[in-house]
Every structure is written in C-alpha cells, then in structure tokens.
Amino acid sequence: MNRLIFMGPPGAGKGTQAEIFKNRFSIPQISTGEILREAVKNSTSMGLEAKKFMDAGDLVPDVVVIGIIKDRLAQKDCGNGFILDGFPRTVEQADALSKILKETKMDLDAVINLAVPDDELVQRLLSRAEKEGRADDNEETIKNRLQTYNSKTLPLIDFYRKAGILREINGVGSMEEITNEIQRALG
Ligand code: AMP
C-alpha cells in the first residue's frame, strides 16, 4: 500500500518527483496547489478567495485546504493509495489529516522530505518563473513563501519523525538520482 506525503520547500521538486511515483505506483497525485490554481483559473468562489493568499505567497486558510483534501480522499481512486503533494503545510492540517485517515481506518506509509538549501531554491524558482510564468514565482513572493515554509511547515518534519515515518532525502542532484534515492527509501 502506498499512502504517501511528498514534502519540501517550494522549488524542492516535490511535484516533479510525485508525478514520477504516481505513474510508477498507479496512484493519484493530489496537489493542493494544482487544485487551487485550477479553481483560480475557473473563477470559482474558492478560487476567488484563495487567489489573494496565493499571489502574496501566503498559505490559503486551513479550513479551505482541509476541505479540499477531505473531499478528494473520499474518492474511489484513492482506495489503493495516493501521494499528497503540498499538503499538509501546517500542524493544524497534519492533525486534520490524521483525523480523516483515522475515520477511514487508513494509515500513512511514508513521508518523503526533500531537503534543498534556500539559495538553491531561490535560483530554481526564478528560473521556473521564466519558463512557466506562474503568478507567484516572483522575487518578493518567493521570499515570503520560503519564510512561510520555515515558520509553518518545517515543524511538520519533527511531527512525522516522531511518528517514525519520515524519510529524509537530499533534494540536490539530478532528477534521476533523487528518484532513485526516494525509491530506495520507500523500499
Ligand atoms: P504549490 O503549488 O504547492 O507551491 O502551492 C502554491 C500556493 O498554493 C501556495 O503558495 C499556497 O498559497 C497555496 N497552497 C497550496 N497548498 C497549500 C496548503 N496545503 N495549505 C495552504 N496553502 C496552500
């Protein structure tokens, strides 16, 4: 069974690696960032609410993203496992996830944490800005996203280390090297 979380700061490559393992394990990749960007694109009420937080590089309120995950995990295709990509990002979200999984008698199998130094992240995000033109990949917002990660999301590493399911991965290297390291960590 593969019930996985891919964690790491913005620009660590969690989306890229999550996509590789989604195909390898034939399980859905659930990216709250992607779901939110889609909502913004379609101007849904959730998208309109989320946009201001995303554009500033702030986190969208817990209640919104927890709602997204609760609905998504209830769908049939999550029965054989899933990869959460970019969720949870706060202790409140991690607690909510534990509760949702407990209610459905599911357990997490592993949390992959991709570690990359801040200066490398800034370089990667700026180059992604040029290639993909994401609204939140500009220097000011990038700084805020990294700060938000350090203050709100980093504590989760300890949360999952204590739970005994954290797998720490060096996120610097070629895409293939990192994929191999994750595969080894998952056994
Ligand atoms: P990402 O694509 O994962 O980098 O997410 C892009 C943006 O969406 C973030 O900077 C947040 O504004 C928002 N977002 C995505 N996932 C979450 C989450 N789990 N909690 C709060 N905000 C989120």
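The figures that follow rest on heavy atoms only: side chains count, while hydrogens, waters and symmetry mates do not. Order of appearance sets the numbers: ligands from 1, and atoms from 1 within every ligand. Please read these numbers as outputs of a predicted model, since none were measured by experiment.
- Here the heavy atom of the protein found nearest to atom 22 (N) of ligand 1 is V60 N, 3.1 Å.
- Between E38 and K41, at least one side-chain nitrogen of the basic residue sits less than 4.0 Å from a carboxylate oxygen of the acidic one, meeting the salt-bridge criterion.
- Once rounded to the nearest 0.5 Å, the distance linking CG of D109 with CG of L186 reads 9.0 Å.
- Only the side chain of V65 comes within 4.0 Å of ligand 1, judged by heavy-atom distances.
- Looking only at atom types and distance, the side chain of Q29 has a donor-acceptor partner in the side chain of D85 under 3.5 Å away.
- One option in E92, R89, M54, K52 has a heavy atom closer to atom 5 (O) of ligand 1 than any other, and that option is R89.
- The two residues A110 and R167 make their nearest non-hydrogen contact at CB-CG, 4.3 Å.
- Atom 16 (N) of ligand 1 has its closest protein heavy atom at T32 OG1, 2.8 Å.
- Heavy atoms of L36 found under 4.0 angstrom from ligand 1 belong exclusively to the side chain.
- Between L59 and ligand 1, a contact under 3.5 Å exists for no N or O pair.
- Heavy-atom contacts of G33 reach the following atoms of ligand 1: 2 (O), 5 (O), 15 (C), 16 (N) (cutoff under 4.0 Å).
- Near Q93, with a cut-off below 4.0 Å to any heavy atom, the atoms of ligand 1 are 18 (C), 19 (N), 20 (N), 21 (C).
- For D58, every heavy-atom contact with ligand 1 shorter than 4.0 Å involves the backbone, none the side chain.
- Between the side chains of N144 and T141, no donor N or O sits under 3.5 Å from an acceptor N or O.
- Ligand 1 has R37 within reach: a non-hydrogen atom of the residue lies less than 4.0 Å from it.
- Across R128, R124, K143, a single residue satisfies salt bridge (Lys or Arg N to Asp or Glu O under 4.0 Å) together with D137, and that is R128.
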